[in-house]
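Just so it is clear, the values below take in all heavy atoms, side chains as well, and ignore hydrogens, waters and symmetry mates.
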Amino acid sequence: MAEKLKVGILGATGMVGQRFISLLDNHPWFEVTVLAASARSAGKTYAEAVGEGWKIENPMPEAVKNIVVKNVADVKDVVKDVDFVFSAVNMSKDEIKAIEEEYAKTETPVVSNNSAHRWTKDVPMIVPEINPEHLSIIEEQKKRLGTKKGFIVVKPNCSIQSYAPELTALLEFEPTEVVATTYQAISGAGKTFKDWPEILDNVIPYIGGEEEKSEQEPLRIWGHVENGEIVKAELPVITTQCLRVPVSNGHTAAVFVNFKKKPTKEQILEKWANFKGLPQELELPSAPEHFITYFEEDDRPQPKLDRDSEKGMGVFAGRLREDSLFDWKFVGMSHNTKRGAAGGAVLTAELLYKKGYITKK
């Protein structure tokens, strides 16, 4: 494209905001022009605002170091220099709902990493390879907001990306019951080992709100648009346990599943190998070439070895076996701050641009 779209990042100083900045460095379509954060960071250069708190493995891009951070609450000031924004603000759910709608009402599309609008009836929650058809609900949302170009799209919780894609590929076999235990990296809590030493040699068996998200959000992704809202799927019934483990990046899931029409192992592997979606067909810049990769080795996938494969945007599976209580069991894994958070939102924005929902102002 001749001229890149101008992008703002709301919540730019947090870990997900930092991941957005890292992923958008030298992006072929998008250019970060505005960074916004809380009042305590406003008025400082981005390098000053972050200080010693840069948490991404890649160095801070030179292009953003001297950008003066704006106050995320000064909506009109933020949107005057952007075509759309990514949202990773750290506020209460009600505050996030309100400020994201305020941004959308300025005719600025909002692609959000936050959970606040995931169950708003006319806000699509998108995994681009799985449910791009849900973007059609945006027109209903615009009517409610009174906008022509402004809207909100969200991405789902990072934990479900490790197993929902594998199950999506098998929906024709009608999964009825799923048990998933997730082993979630500390970056999902915005932490590194440096600032969370107590996680070393430890497992924390509780992550607030995570199990409800992990059980319900796949059903919304597998739902359908009806009468101006997204109606969630009724099956499969999903139950989860979510644990925090001493891993820097990469969420792993141990999954057990029953089917109405039990597939063979060969059928499952064939579906995983060939599963793709619009991002692959459109060759979007952030799309993995292979959405789901299966490992034959007994000790794979592993976060440390595999999370950055496929640009960190792939989903990885292994240990597919028949089970004594369930039809099949497998292990899934994905990079939680790339595929699961910022990268998933960037891929969604690429799809929105290609489909004409995001344009230059």
Decide whether [X] and [Y] meet the rule of one side-chain donor and one side-chain acceptor closer than 3.5 Å.
{"X": "Gln141", "Y": "Asp122", "result": "no"}
{"X": "Thr240", "Y": "Glu211", "result": "no"}
{"X": "Thr337", "Y": "Arg19", "result": "yes"}
{"X": "Ser87", "Y": "Asn114", "result": "yes"}
{"X": "Gln280", "Y": "Glu129", "result": "yes"}

Among all residues two or more places apart in sequence or in another chain, which pass the ring pair (Phe, Tyr, Trp, His ring centres under 6.0 Å) test with [X]?
{"X": "Phe291", "value": "Phe275"}
{"X": "Phe173", "value": "none"}
{"X": "Trp272", "value": "Tyr294, Phe330"}
{"X": "Phe259", "value": "none"}

Can a donor-acceptor pair be found, under 3.5 Å and without considering hydrogens, that links the side chain of [X] to the backbone of [Y]?
{"X": "Trp29", "Y": "Glu3", "result": "no"}
{"X": "Asn258", "Y": "Glu177", "result": "no"}
{"X": "Thr45", "Y": "Glu48", "result": "yes"}
{"X": "His27", "Y": "Phe30", "result": "yes"}
{"X": "Glu174", "Y": "Leu171", "result": "no"}
{"X": "Thr182", "Y": "Gln184", "result": "no"}
{"X": "Ser214", "Y": "Glu210", "result": "yes"}
{"X": "Lys70", "Y": "Leu35", "result": "no"}

Q.
Do Ile230 and Arg220 have side chains that approach each other closer than 4.5 Å (heavy atoms only, starting at C-beta)?
A.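 In short, these two side chains touch, coming nearer than 4.5 Å.
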Q.
If you define the side chain from C-beta out and look only at heavy atoms, does anything of Trp328 sit under 4.5 Å from Leu320?
A.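 Trp328 reaches Leu320 side chain to side chain.
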**Q.** Minimum heavy-atom distance between Pro175 and Val257, given as atom pair plus value
**A.**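 Heavy atoms of Pro175 and Val257 come nearest at CB-CG2, 3.9 Å.
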**Q.** For Glu229, all residues meeting side-chain hydrogen bond (donor to acceptor under 3.5 Å, both in side chains), sequence neighbours excluded
**A.**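 Here no residue qualifies.
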Counterpart residues, side chain to side chain contact (heavy atoms under 4.5 Å, CB included), relative to [X] (two or more places apart):
{"X": "Glu95", "result": "Met91, Ser92"}
{"X": "Thr192", "result": "Met15, Lys55, Lys194, Asp195"}
{"X": "Gln216", "result": "Trp119, Glu212, Leu219, Lys232"}

Q.
Going by the rule salt bridge (Lys or Arg N to Asp or Glu O under 4.0 Å), which residues pair with Glu101 if we only count those two or more places apart in sequence or in a different chain?
A.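 Salt bridge (Lys or Arg N to Asp or Glu O under 4.0 Å) check on Glu101 returns Arg144.
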Q) Is there a salt bridge (Lys or Arg N to Asp or Glu O under 4.0 Å) between Glu102 and Lys105 once you walk through the steps? A) CA-CA 5 Å; Glu102 188 176 351; Lys105 287 177 180 177; over 6 Å; no
Q. Is Arg118 salt-bridged to Glu217, cutoff N-O under 4.0 Å?
A.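 So Arg118 pairs with Glu217 through a salt bridge.
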Q. For Ile204, which fellow cluster members are found when Ile, Leu, Val, Met, Phe, Trp and Tyr are connected by side-chain heavy-atom distances below 4.5 angstrom, either directly or through intermediates?
A.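 Ile204 shares its hydrophobic cluster with Ile186, Phe193, Trp196, Ile199, Leu200.
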Q | Cluster companions of Val179 among Ile, Leu, Val, Met, Phe, Trp, Tyr (side-chain spacing under 4.5 Å) | A |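 Listed partners: Phe256, Leu325, Phe326.
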Name every donor-acceptor pair, under 3.5 Å, that has one atom in a side chain of residues 146-154 and the other anywhere in the protein, sequence neighbours excluded.
| residue | atom | partner | partner atom | Å |
| --- | --- | --- | --- | --- |
| Thr147 | OG1 | Gly150 | O | 2.6 |
| Lys149 | NZ | Thr359 | OG1 | 3.1 |
| Lys149 | NZ | Lys360 | O | 3.1 |

Q.
side chain to side chain donor-acceptor pair (under 3.5 Å) for Asn202 and Glu198? Distances and angles first, verdict last.
A. CA-CA 7 Å; Asn202 200 15; Glu198 57 267 38; over 6 Å; no
